[in-house]
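Notes to accompany the following structure.
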Amino acid sequence: MQVRRAAVLGGGPGGLYAARLLKLAQPSCDVVVHEQGEPDKTFGFGVGLAAGTQRRLEAADADTLRDILAAGHRHDMTMTVGDRSVRVRNDRLIGIARTELLAVLRRHAEKAGVRIEYGARRAADELDADIVIAADGVSSATRSTGGFGEDIEVGRGLYLWCGAEFALPDAMFAPVGTEHGVFVTHAYPYSGGRSTFLIETDEETWRRAGFDRSTDATPPDASDTTSLRYLEQVFAAQLRGHSLIGNRTRWTRFRTVRCKRWSSGRVVLLGDAAHTAHFSIGSGTKLAMEDAIGLVEALAGEPDAPAAFARYEASRRPDVERMQELARRSQLWWESFPSRLHFPVERLMVAYMTRAGNVPLDRFAATSPDVVAAAAEQYANSKPPARDLVEWVLEQPLRHERAEFPRRVLPAVPDGLALTTFADVVADPWDDAGDAVVARARQARREGADGFRFTGPGDRPAVLTRLDLAERVRTEAGGLVIVDGPPSSRGDLAAGLVSGRCDLVSFSEEAA
Ligand SMILES: Cc1cc2nc3c(=O)[nH]c(=O)nc-3n(C[C@H](O)[C@H](O)[C@H](O)COP(=O)(O)OP(=O)(O)OC[C@H]3O[C@@H](n4cnc5c(N)ncnc54)[C@H](O)[C@@H]3O)c2cc1C
């Protein structure tokens, strides 16, 4: 369709990028961005952009990507637990200051002929245009007042987003135990002299440290300095003598936004306004900018707005929902992270990389052979071969309290072992249903059970969730833990073994 006038609500990455791409695709269209903030004043510190995102941006708009890369800061990843660290190389991962990213996007939007009006909060229904692209962020007023069928899921854990005035050598994941509980930082450099520190904790730790009170006492536009000063002490080693700086920094629970519909009449949602995905997979900016690409393509390919919006949603929704599912698993993994601190850091890194089922064990082994080899050796007490890692993992023997197993794949339950079977289907192993399974497992252990077998549907999401539930029971109730899955899930099951989610596996057909 030929759009005569387009209004974009919100000058974040999604809105600015959509405005530029639309103006480039339809030069006669009058494109205006309405942003409530002032230029160069934004919340937040740095965001990460991975290789896959960069490829999509390159294809859509090579000029903008070139400037983003020039302003970005490449880094690898390190996980540190106590005094042990492992490092994973990542050639194309960059961090970029949100201010820099917005400055690049603004410059390119204006160069294409987009007008940007700053400093006034606007509502979608007051904007005079053929279409309104509502890119007004996670707290979108457009979404909550319109008929989009919004659903907002609030995370259990709490996090805050702050920064420091020095560049870490790598992105870093580091848990630190305190008298109140464990705090974990995900931190990454985003310029030659700055790093983002994202810090998360569980609700009990947060309350014990008094942060419920400091949060209440922090005005909406201020930073929670009580928490920042405390966290500076906690992460003193990681901060290397630097302070934590805030920018409207306060503890928050992550909100996962989902909408039944992304458009209503002439209004279409884009980016965080339509959907969010937990920050631990670093994909919010990516999704917003990819939405912009999808929307502008759909507008060019359809005769009117309803058809274009339907095409945009149909093309973007599968990708978005896949990322949201990965993000959901990642969020649950991070929220339960302190329970894994007894593992060696190499096994933790494997657990981290395979936590959402996105990175298969053998692919991770191909990119980080030293880390995976060390983790596999810790798992089996012998050196893994350079090839066929999954098969090798499954073939390792196990000596457990009362039984010995020649390999990790169980053909049948051995005589003399008392196993309790769970066929529960839970969506979230850490919610009430998961708590009930753990309570039953503990009771079974008290009554003499040697361990547990987890069985159920053979589809991949079910197997991955079963592995998570098995891990929780293994940690909290102890005993031998066996997880069933079809042969097609052998990669996920092998990753589960190396990551300490289970002790043995059983292939559904082989067990029958
Ligand atoms: C802690 C944390 C860490 C993150 N880390 C990463 C990361 O590593 N990588 C990554 O890709 N993403 C990350 N994200 C997500 C990322 O910041 C967002 O997903 C991304 O900014 C979404 O872009 P957007 O354009 O949809 O919305 P936003 O960037 O939120 O922009 C919305 C804009 O709309 C404006 N606005 C809102 N309402 C109105 C109104 N009524 N009138 C006028 N203007 C309005 C706002 O001022 C804002 O500028 C992180 C998010 C959080 C919370």
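For ligands, and for the atoms within them, numbers begin at 1 and follow the listed sequence. Residue numbers start at 1 and run along the sequence shown. All values below were derived from every heavy atom in this structure, side-chain atoms included, with hydrogens, water molecules and symmetry-related copies excluded.
Within the 4.0 Å heavy-atom criterion, neither part of Phe254 lies near ligand 1. The proximity of Thr142 to ligand 1, defined as any non-hydrogen pair under 4.0 Å, does not occur for either the backbone or the side chain. Both the backbone and the side chain of Arg121 come within 4.0 Å of ligand 1, judged by heavy-atom distances. Under 4.0 Å from ligand 1, the heavy atoms of Leu9 that appear belong solely to its side chain.
If you check each of Tyr190, Trp161, Tyr188 against atom 50 (C) of ligand 1, the one with the closest non-hydrogen atom is Trp161. Looking at Ala135, Ser140, Gly15, Ala50 and measuring to atom 32 (C) of ligand 1, the nearest heavy atom belongs to Ala135. Closest heavy-atom approach to atom 30 (O) of ligand 1 among the candidates Gly137, Gly95, Gly119, Gly10: Gly137. Across the listed options Glu117, Lys286, Arg98, Arg98 owns the non-hydrogen atom lying nearest to atom 21 (O) of ligand 1. When Val47, Leu269, Asp272, Thr276 are ranked by how near their heavy atoms come to atom 22 (C) of ligand 1, first place goes to Asp272.
Proximity to Asp136 (heavy-atom distance under 4.0 Å) selects the following atoms of ligand 1: 32 (C), 34 (O), 37 (C), 38 (N), 39 (C). Ligand 1 places these atoms under 4.0 Å from at least one heavy atom of His34: 43 (C), 44 (N). If you number the atoms of ligand 1 from 1 as listed, the ones under 4.0 Å from a heavy atom of Gly284 come out as 10 (C), 11 (O), 12 (N), 15 (C), 19 (O). Less than 4.0 angstrom separates some heavy atom of Gly271 from each of these atoms of ligand 1: 26 (O). Taking every non-hydrogen atom of Ala288 and a distance limit under 4.0 Å, the qualifying atoms of ligand 1 come out as 23 (O), 26 (O). Near Gly282, meaning under 4.0 Å from one of its heavy atoms, ligand 1 places the atoms 7 (C), 8 (O), 9 (N), 10 (C), 11 (O). Interface of Pro13 with ligand 1, defined as ligand atoms under 4.0 Å from a residue heavy atom, comprises 21 (O), 23 (O), 25 (O), 29 (O). Per-residue contacts place Leu198 under 4.0 angstrom from the following atoms of ligand 1 (heavy atoms of the residue considered): 1 (C), 3 (C).
Side-chain contact annotation: Ser330 with Ser280, donor-acceptor N/O pair under 3.5 Å present. In the model, Asp291 has a side-chain atom that pairs as donor or acceptor with a side-chain atom of His275 under 3.5 Å. Looking only at atom types and distance, the side chain of Thr215 has no donor-acceptor partner in the side chain of Arg250 under 3.5 Å away. With 3.5 Å as the limit, one finds no donor-acceptor pair spanning the side chains of Glu58 and Gln54. Under 3.5 Å, the side chains of Thr256 and Arg328 contain no donor-acceptor pair of N or O atoms. Side chains of Gln2 and Ser28: a donor-acceptor N/O pair is present below 3.5 angstrom, by distance only.
Side-chain atoms of Phe197 and Met172, non-hydrogen and from C-beta on, do get closer than 4.5 Å to each other. Within the 4.5 Å cutoff, the side chain of Gln331 has heavy atoms near those of the Glu335 side chain. In this structure the side chain of Asn358 reaches within 4.5 angstrom of the side chain of Arg322, judged on heavy atoms.
When each of Thr249, Leu244, Val176, Leu158 is checked for a side chain to side chain contact (heavy atoms under 4.5 Å, CB included) with Ile199, only Leu244 meets the rule.
Residue Gly14 places at least one N or O, backbone or side chain, under 3.5 Å from an N or O of ligand 1. At least one N/O-N/O distance between Gly48 and ligand 1 falls below 3.5 Å. Backbone and side-chain nitrogen or oxygen atoms of Glu35 are examined, and one is located within less than 3.5 angstrom of a nitrogen or oxygen of ligand 1.
Every side-chain contact (heavy atoms from CB on, under 4.5 Å) that Glu150 has, sequence neighbours left out, goes to Arg143, Ser144, Ile152, Cys259.
Within the structure, ligand 1 has Ser283 among the residues with a heavy atom less than 4.0 angstrom away. Within the structure, ligand 1 lacks Tyr17 among the residues with a heavy atom less than 4.0 angstrom away.
Aromatic pair His180/Phe211: ring centres not closer than 6.0 Å. In this structure, Phe173 has its ring center under 6.0 Å from that of Trp334.
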